[in-house]
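In what follows, every chain begins at residue 1, and chains take the letters A, B, ... in the order their sequences are listed.
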Amino acid sequence: MPELPEVETVRRGLREWAVGRRLSGVDVHHPRAVRRHAAGPEDFAAALVGRTFTEVRRRGKYLWLPLDSGDAMIGHLGMSGQFRVLPEEAPDGPHLRVRFRFAEGPQLRFLDQRTFGGLAVSRGGADLPAEIAHIAPDPFEPGFDADRCVAALRRRRTEVKRALLDQTVVSGVGNIYADEALWRAGLHGARPADALTGPAAHRLLGHVVDVLGEAIAQGGTSFDALYVDVNGESGYFDRALHVYGREGAPCDRCGASIRRESFMNRSSFSCPRCQPRPRGRG
DNA sequence: CTGCACCCCTGTAGGC
DNA sequence: TGCCTACAGGGGTGCA
């Protein structure tokens with residue numbers, strides 16, 4: 001479940017099901033799932049067994065679970081990663097990558113169809129793992145500074161959608177929520193970020209925060225079974241999407257037919273009337 | 001600093 | 001039925 005609202009949904013599930021439980025065994029079923037753990041799968045497991053998850057934290061799309069050792073397990077879901085809480089007798093399935101066993105109670109499993117996601121143990125990373133420090137704060141962190149974020153956004157000499165997707169400007173925004181925020185702001189994603197006025201950039205960031213917050217409240221966006229919470233349940237925010245995946249459907253604001261454009265080798269959805277394409281530099 | 005090409009993978013949908 | 005391509009919510013790297 002890739003973007004911030006989906007990762008936050010997973011974080012909440014992990015907080016409920018993983019915190020305070022002592023690990024009795026960790027089985028790496030696919031080494032690629034721990035490729036970012038340089039010391040290898042055995043070291044990964046050894047750093048976890050016997051330890052207890054004390055908390056579940058998140059920055060943007062990254063999760064980390066501090067341990068009572070002072071280390072932390074880092075997780076990124078990539079495109080198709082899932083954490084699932086399942087009883088021991090549940091079948092493994094084809095996408096099981098890492099199994100976490102506890103002294104008692106259900107297992108925690110990391111599943112990942114495409115294996116773009118991954119786990120690692122960060123030594124001494126309980127507070128903020130060094131591996132995540134290059135990512136900007138996300139809008140829901142106490143340390144988030146909106147003025148600073150807007151300044152970073154307007155400093156980028158690139159298109160505004162690219163800037164929104166840049167995790168060093170603001171973390172947690174992906175393709176869906178970038179398109180939704182741009183629609184709400186009435187801006188085409190190809191507008192130059194450095195041509196936005198301060199108030200316009202603040203308004204855009206406000207829409208980013210709004211759409212992410214509303215999506216969290218709905219448990220995220222689930223188009224299919226790949227994007228589910230730790231109990232396998234889907235979120236409902238897909239019903240509230242205004243542009244993403246709605247090519248040809250009428251704009252909820254003006255009725256014009258939603259268009260789809262190729263951008264950064266991905267699809268971008270927008271309203272041709274509410275979000276006119278910029279001409280030249282702006 | 002920036003854009004760009006390309007890499008990492010599996011699975012599905014659609015055209016032929 | 002098969003075969004092919006395009007596409008999917010992620011990030012990272014190397015190069016110009």
Margin query: Under 4.0 Å from OP1 or OP2 of dC1(B): is there any side-chain N or O of R155(A) that close?
Written below: no
Next item on the list: Would you mind classifying the nucleic acid contact of R97(A) as base, sugar-phosphate or nothing, using non-hydrogen atoms under 4.0 angstrom?
Entry: nothing
Check: Is the number of heavy atoms from other residues, nucleotides or ligands within 6.0 Å of CG (D224(A)) greater than 12?
Finding: yes
Item checked: Phosphate-side-chain proximity, H95(A) and dG11(B), N/O vs OP1/OP2 below 4.0 Å -> yes
Check: Is it the case that more than 12 heavy atoms not belonging to R253(A) sit under 6.0 Å from its CZ atom?
Finding: yes
Notebook entry, point to check: Ion pair present between R123(A) and D71(A), side-chain N to carboxylate O less than 4.0 angstrom?
Noted result: yes
Next item on the list: Kindly assign one of parallel, tilted or perpendicular to the pair W183(A) and H242(A), based on the angle between their ring planes and the thresholds 30° and 60°.
Entry: parallel
Note to self: Taking dG11(C) as the reference, what is the distance to dG11(B) when you measure between their P atoms (whole Å, please)?
What the structure shows: 22 Å
Note to self: Taking dC3(C) as the reference, what is the distance to dC9(B) when you measure between their P atoms (whole Å, please)?
What the structure shows: 23 Å
Item checked: side-chain N/O R32(A) vs dT10(B) OP1/OP2, d < 4.0 Å -> no
Notebook entry, point to check: If we take the P atom in both dC1(B) and dG10(C), what is their distance in whole Å?
Noted result: 23 Å
Item checked: S80(A) side chain to D112(A) side chain, donor-acceptor N/O pair below 3.5 angstrom -> yes
Checklist line | Distance-only donor-acceptor check, side chains S171(A) and R59(A), under 3.5 Å | finding: no
Note to self: As a test of reading the structure: which of dG10(C), dC4(B), dG11(B) is closest to the side chain of N175(A), going by heavy atoms?
What the structure shows: dG10(C)
Checklist line | Sorted by number, the residues of residues 178-189 of chain A with heavy-atom contact under 4.0 Å to DNA chain C | finding: none
Item checked: Nearest-angstrom distance from the residue atom CD of Q82(A) to P of dC9(B) -> 19 Å
Notebook entry, point to check: Over how many whole Å does the gap from D194(A) atom CG to dC1(B) atom C1' extend?
Noted result: 12 Å
Note to self: I need the CZ-P distance between F237(A) and dG9(C), as an integer number of Å.
What the structure shows: 16 Å
Margin query: Check this one for me: any side-chain N or O of R156(A) less than 4.0 Å away from OP1 or OP2 of dT2(B)?
Written below: yes
Next item on the list: Find the distance between CD (Q167(A)) and NZ (K61(A)) and round it off to the nearest 0.5 Å.
Entry: 4.0 Å
Next item on the list: Take atom CG of D138(A) and atom C1' of dG10(C), then tell me their distance rounded to the nearest Å.
Entry: 16 Å
Next item on the list: Using a 3.5 Å limit on both pairing distances, list the dot-bracket string of DNA chain C from the 5' end; Watson-Crick and G-U wobble pairs count, crossing pairs take [ ], interstrand pairs take |.
Entry: .|||||||.|||||||
Checklist line | Pair D27(A) + R109(A), salt bridge at N-O below 4.0 Å | finding: no
Margin query: Checking side-chain polar atoms at under 3.5 Å, does H202(A) have a donor or acceptor matched by the opposite partner on D147(A)?
Written below: yes
Item checked: Contact residues, residues 108-118 of chain A to DNA chain C [heavy atom, < 4.0 Å] -> R114(A), F116(A)
Notebook entry, point to check: What nucleic acid atoms does R35(A) come within less than 4.0 Å of, heavy atoms only: base, sugar-phosphate, or nothing?
Noted result: nothing
Next item on the list: Would you mind classifying the nucleic acid contact of Y62(A) as base, sugar-phosphate or nothing, using non-hydrogen atoms under 4.0 angstrom?
Entry: sugar-phosphate
Next item on the list: Quickly work out the M79(A) CE to dG12(C) C1' distance and round it to whole Å.
Entry: 14 Å
Note to self: Can you confirm whether the side chains of Y227(A) and E3(A) place a donor and an acceptor under 3.5 Å from each other?
What the structure shows: no
Item checked: Between C1' of dC7(C) and CG of L226(A), the distance in whole Å -> 14 Å
Next item on the list: Under 4.0 Å between any heavy atoms, over every strand shown, what does F223(A) touch: base, sugar-phosphate, or nothing? Just pick one.
Entry: base
Margin query: I'd like to know if D92(A) pairs up with R99(A) as an ion pair, taking the criterion as any Lys NZ or Arg NE/NH1/NH2 lying under 4.0 Å from an Asp or Glu carboxylate oxygen.
Written below: yes
Note to self: Less than 4.0 angstrom from a charged side-chain N to a carboxylate O is my criterion; do D138(A) and R58(A) meet it?
What the structure shows: yes
Checklist line | Passing option when H188(A) is tested against E261(A), Q275(A), E159(A) for side-chain hydrogen bond (donor to acceptor under 3.5 Å, both in side chains) | finding: E261(A)
Next item on the list: Considering just the side-chain nitrogens and oxygens of R36(A), establish if one lies under 4.0 Å of OP1 or OP2 belonging to dG11(C).
Entry: no
Notebook entry, point to check: Given atom CD of E3(A) and atom P of dG10(C), what is their separation to the nearest angstrom?
Noted result: 5 Å
Check: With respect to the phosphate group of dA8(C), does any side-chain polar atom (N or O) of S267(A) fall under 4.0 Å of OP1 or OP2?
Finding: yes
Note to self: Please classify the nucleic acid contact of H134(A) as base, sugar-phosphate, or nothing, using heavy-atom distances under 4.0 Å.
What the structure shows: sugar-phosphate
Next item on the list: Please state how far atom CD1 in I176(A) lies from atom C1' in dA8(C), giving the value in whole angstrom units.
Entry: 10 Å
